[in-house]
Number of protein chains: 4
Amino acid sequence: MTGKLRADARRNRERILAAAEAVFAEHGASASTEEVAARAEVAIGTVFRHFPTKNDLLGATLKRLLDRLAEEAAVLSDEGDPATALFTFFAQVVEEAAARRTVAELLAGGGVDVRVGKPLRRLEEPLATLLTRAQQAGTVREDVRLDEVMALLAGTTQAALLTGWTPDLRDRTLRIIFDGCRPGR
Amino acid sequence: MTGKLRADARRNRERILAAAEAVFAEHGASASTEEVAARAEVAIGTVFRHFPTKNDLLGATLKRLLDRLAEEAAVLSDEGDPATALFTFFAQVVEEAAARRTVAELLAGGGVDVRVGKPLRRLEEPLATLLTRAQQAGTVREDVRLDEVMALLAGTTQAALLTGWTPDLRDRTLRIIFDGCRPGR
Amino acid sequence: MTGKLRADARRNRERILAAAEAVFAEHGASASTEEVAARAEVAIGTVFRHFPTKNDLLGATLKRLLDRLAEEAAVLSDEGDPATALFTFFAQVVEEAAARRTVAELLAGGGVDVRVGKPLRRLEEPLATLLTRAQQAGTVREDVRLDEVMALLAGTTQAALLTGWTPDLRDRTLRIIFDGCRPGR
Amino acid sequence: MTGKLRADARRNRERILAAAEAVFAEHGASASTEEVAARAEVAIGTVFRHFPTKNDLLGATLKRLLDRLAEEAAVLSDEGDPATALFTFFAQVVEEAAARRTVAELLAGGGVDVRVGKPLRRLEEPLATLLTRAQQAGTVREDVRLDEVMALLAGTTQAALLTGWTPDLRDRTLRIIFDGCRPGR
DNA sequence: TATGAATGAGCTTTCATTCAT
DNA sequence: TATGAATGAAAGCTCATTCAT
């Protein structure tokens, strides 16, 4: 898909996406496209050649983030301990959200009219696997379903943006959620 | 504070806040000030006389919402069953968030630079009371602290804005959180 | 309609229209709205408050021009010699077109998507009167119809923009058209 | 002039001109160069290699159209009835204008700063011949000069773009012009 | 004090033109 | 020579904020 681009075009596309990620992480999705262009050291027209609309840019940035997360989930699926991989992944996503505002904003629908539907679905599959494994390992109740896990993930991800968020608070918050997922009581 | 205002001025202030609540609930915090003025049937200048900045308007709207919530919490403190009052209140807030986008947006910091610090503190006190009572009643673990309850509240409140949010999903999500708060395992 | 505007608003509206007429007359309909604002010594936002779209501005400018022309036609209807009033008016319009590019551009449909339909109709009525009078006076053939007069007017108006257009050329051009309208051979 | 070009270069030049004619005919002179490139199935850079400026492209397109018209005029000069050839040609040009927006737009100077001077002169010579013949044949008044014929042609050509233009309207419009050219009253 | 017009910076988007590949 | 990505100067338009009435 991006393989047909000329070398410099692909390079610019990458620069723009990286810049977008940084800018949106810092100032949220309402940051200006112009700032993204500046950070990428590219003219404004170049941004619009690659992403005809600000929404397209946001969408691509989100897709990139989710792809990265999905990959991490897949790795955990393959190599991690089934009993804890779901929790590990959950914690990882929350951790990243604390660092990058966009993750949280977009996981939660973001106010912006990004059709998150599609990209978010990328996360569902690996997450479903992790959930099933955890249930088979007996660390998560049988009746827990994928959608509430995603809802809790989206929610905690937002919480991670709160002003008082610290590693300690994070641990205590996650503990409640993880405990709530465990069987027996 | 508002006592020094002329009668009509106070009336306008009220109209504007009510309109702001409705507009921000519908279109999020990015809705235009002009639309608030229109809904309040007031000229734009009047809005800015009462709230010199859009942020001030958002802040006041938030304060109003939180005051209402704090009051409900207080009532539950006095009249409700200590064992369940915290959970009841938590669910109430989430419910309201599902209906009013602002509650969620602002509880979570909302992208907008509202100094939520102050207003949010209003919720802390009654929530702390509810938490203590629940712990005394033995329905919440002793080591659960106020800040994680607030974080979970803010987070779930955001989750309630997700596209797939249904009463059923809400119940399953809350169940995990509430179970996670319970003592013993 | 414009009567409800505040004094300064009406003044600005007038300034803007006058500026628009001048600017469009000079550089054609493709002139920038910003230049109109500059000429009117008004901020760009003010132009858009009065005319939400560039098309609206063009439309209003055209309407203004046509109203003026229609008025002249009406005066000629009342006071002029029926035998020559049509020709006099025709020549006047052409004369104005030579001075103001917009008249011609817009009479001819102008490339721009101005809904000329409406405003142009304003010219039809007085022109129809002049035509009828001329036919009654015997200076125009009975079977000449309004639409070809308008077509010739629009066309000549365009011709008046040609680089070589001089008073002499104008007279010779109009002579052909007027002669062609006369009865008997 | 085009003889020094490589075969494929000449072929491209042709394709571009053909595309430009089609595109400008459809959307007027404000159509984008990119669209011309697309229609010619050529990269945008190629268009600019052949025509360094959009104006150059418009000019070349116009020249091509006028050459074609001039040729038709020449044919009529040689083979047609001198008494009617001028009128026939006039009607032909108007007919073509109705079909191709560019003819009209460019004959009239077109808003765009094409130096029509040069290309238009190509039409003058054959038109002058037709005019002289008609005058010799006695169908056109002796004192009619070339420039007013050209002005009328440019004007009618514009009128042919009007919304209500029909074959019937065209005939009535041309009749007035042609009658106006005839000698004797 | 209320009004609502004016301001003007900033946003997204388009397009003729340039230039590395 | 052809390609098509990059450029960057506008353009049209929005909106928080100011200020004359």
Side-chain angles (χ1 to χ4, degrees), chain A residues 4-13 16 30-37 40-57, chain B residues 5-10 12-13 30-38 42-57, chain C residues 4-13 16 30-37 40-57, chain D residues 5-10 12-13 30-38 42-57:
Chain A
K4 311 196 168 191
L5 289 176
R6 232 166 61 183
D8 57 341
R10 190 159 61 249
R11 194 164 51 244
N12 271 339
R13 205 192 128 92
I16 292 168
S30 75
S32 87
T33 308
E34 200 117 15
E35 193 175 342
V36 173
E41 284 176 313
V42 143
I44 183 71
T46 304
V47 174
F48 278 91
R49 157 167 283 267
H50 287 282
F51 310 97
T53 274
K54 188 185 178 183
N55 246 320
D56 294 335
L57 179 56
Chain B
L5 291 175
R6 250 167 48 182
D8 56 341
R10 192 160 60 250
N12 270 343
R13 207 191 126 89
S30 74
S32 86
T33 311
E34 199 112 18
E35 195 174 341
V36 172
V42 142
I44 184 70
T46 305
V47 174
F48 275 89
R49 162 165 289 270
H50 287 284
F51 309 96
T53 275
K54 189 187 177 181
N55 246 319
D56 294 335
L57 179 56
Chain C
K4 313 199 165 187
L5 289 176
R6 230 164 65 180
D8 57 342
R10 189 160 61 251
R11 193 165 52 244
N12 272 339
R13 205 192 127 93
I16 291 168
S30 74
S32 87
T33 309
E34 201 114 17
E35 192 174 344
V36 173
E41 285 176 314
V42 142
I44 183 69
T46 304
V47 175
F48 279 93
R49 157 169 283 268
H50 287 283
F51 310 97
T53 276
K54 189 187 177 180
N55 246 320
D56 294 336
L57 179 57
Chain D
L5 292 175
R6 250 168 46 181
D8 56 341
R10 192 161 59 251
N12 271 342
R13 208 193 125 90
S30 74
S32 86
T33 312
E34 200 110 20
E35 194 174 343
V36 173
V42 142
I44 183 72
T46 304
V47 174
F48 276 89
R49 164 166 289 269
H50 287 284
F51 309 96
T53 276
K54 189 187 177 180
N55 246 321
D56 295 335
L57 179 56

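Lettering follows sequence order; numbering is per chain, from 1.
The shortest distance between side-chain heavy atoms of C:D8 and C:R11 falls below 4.5 Å.
Here E:dT18 presents its P atom at 15 Å from NZ of D:K54, a figure rounded to the nearest Å. In this structure, C:E34 places its CD atom 12 Å from P of F:dC13, rounding to the nearest Å. Taking atom CZ of residue B:R10 and atom P of nucleotide E:dT1, one finds them 13 Å apart after rounding to whole Å. Rounded to whole Å, the distance from CG on D:D8 to P on F:dT1 is 9 Å. If you take CD1 of A:I44 and P of E:dT17, they are 21 Å apart, rounded to a whole angstrom. For the pair D:L57 CG and E:dT17 P, the computed distance is 10 Å after rounding to whole Å. Residue B:F48 contributes atom CZ, which lies 13 Å from atom P of F:dC19 at whole-angstrom precision. Whole-Å rounding puts the B:R49 CZ to E:dT1 C1' distance at 5 Å.
In terms of phosphate contacts, B:N12 brings no side-chain nitrogen or oxygen within less than 4.0 Å of OP1 or OP2 of E:dT1. A close approach under 4.0 Å does occur between a side-chain nitrogen or oxygen of C:T53 and OP1 or OP2 of F:dC13. Between E:dC15 and D:T33, no contact under 4.0 Å exists linking OP1 or OP2 to a side-chain N or O. Dashed line: the shortest gap from a side-chain N or O of A:T46 to OP1 or OP2 of F:dT7 is under 4.0 Å. Considering only side-chain N and O atoms, D:H50 lies nowhere under 4.0 angstrom from the phosphate OP1 or OP2 of F:dT1.
Using the Watson-Crick or G-U wobble rule with both distances under 3.5 Å, E:dA20 pairs with F:dT3.
Scanning all heavy atoms of the two residues, the minimum distance from C:T33 to C:F48 falls at CG2-CE1, 3.8 Å. Nearest heavy atom pair, residue C:I16 against residue C:F51, reads CG2-CE1, 3.7 Å.
Here the CD1 atom belonging to B:I44 is positioned 11.0 Å from the CD atom belonging to B:E35, to the nearest 0.5 angstrom. With values rounded to the nearest 0.5 angstrom, C:N12 atom CG is found 5.5 Å from C:H50 atom NE2.
Positionally, the nearest nucleotide of DNA chain F for A:E41 lies more toward the 5' end than for the other of A:E41 and C:A31. Place A:R11 and B:G45 on DNA chain E by their nearest nucleotides, and B:G45 ends up nearer the 5' end. Heavy-atom distances to DNA chain F give each of C:P52 and D:A43 a nearest nucleotide, and the one nearer the 5′ end belongs to D:A43.
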